[in-house]
Every structure is written in C-alpha cells, then in structure tokens.
Amino acid sequence: MSENGVELAIRLTPSASLDGIDGPVEDAAGMVRLKVRVRAVAEKNKANRALEKLIAKQLKIGKTAVRVISGETSRSKTVRVDGDPAQLVEPIKALAS
C-alpha cells in the first residue's frame, strides 16, 4: 500500500471457461495471492488486459486505474490499483472473500 494506490499479488489462469475471482490461494513459496481466471488467451497481453478489466469492474473503478506492473509473461503477477488506499481497502477485501 502506498499513499496513492494498492498493489495486489495475483495468480492468473488464462483460457478459463469463465472470468472470475476465486479468492486467496497460497503458492509454492508460501505467498498468498488472489486467484483469478479469465477467458482471454495468454498471448499478446490479452489475458493481462482482461485481468485489469475484471479487477476494475469488480472494484467499480476506471480501467485505467488498474495495471499489471510485474509478471507480464508469468501466471504470478503484481497488479497496481491507483486511488486512495483508505477507499480501496474494503472493496479489495470483498474481492478476496
């Protein structure tokens, strides 16, 4: 968390049958990530753009406020959500439940 946004650890599954957020999952390294699946394929950044759009829609914020900042070619990603962290905390907690 910073003064102008929040970073989320994501485990993305592309080419899924449905878009959705499945809640927290622990990876092999013991890090807790938010498990997300998108229908888009993992080529030409299509899955990353679908992830950004899904997170923005669930948080009811603009698409430009959400962007993948690391892990572009990996299933493990970090997503930055721009905005007031105090206002983002509760909606982000709702994503994880």
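As the structure is a prediction and not an experimental result, all values here were calculated from the model. All residue numbers in this chain count up from 1 along the given sequence.
- Atom CD1 in Ile21 sits 7.0 Å away from atom CD1 in Ile10 (nearest 0.5 Å).
- Taking 4.5 Å as the limit, every side-chain heavy atom of Val38 sits out of range of all side-chain heavy atoms of Arg49.
- Between the CZ atom of Arg33 and the CD atom of Glu26 there is a distance of 11.5 Å, given to the nearest 0.5 Å.
- With a 4.5 Å cut-off on side-chain heavy atoms, Asn48 and Lys77 count as touching.
- Smallest separation of non-hydrogen atoms from Val32 and Pro24: CG1-CB, 3.8 Å.
- Residues Pro14 and Ala47 come closest through the heavy atom pair CB-CB, 3.9 Å.
- Looking at Arg37, its side chain never comes within 3.5 Å of a backbone N or O of Ser17 through a donor-acceptor pair.
- A pairwise comparison of heavy atoms in Ser76 and Ser74 identifies N-OG, 3.0 Å as the closest pair.
- Taking OG1 of Thr13 as the start and CG of Asp19 as the end, the distance is 11.5 Å to the nearest 0.5 Å.
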Acceptor/donor pairs from residues 53-73 side chains to any protein atom, 3.5 angstrom cut, sequence neighbours excluded:
| residue | atom | partner | partner atom | Å |
| --- | --- | --- | --- | --- |
| Arg67 | NH1 | Asp82 | OD1 | 3.4 |
| Arg67 | NH1 | Asp82 | OD2 | 2.8 |
| Ser70 | OG | Thr78 | OG1 | 3.1 |

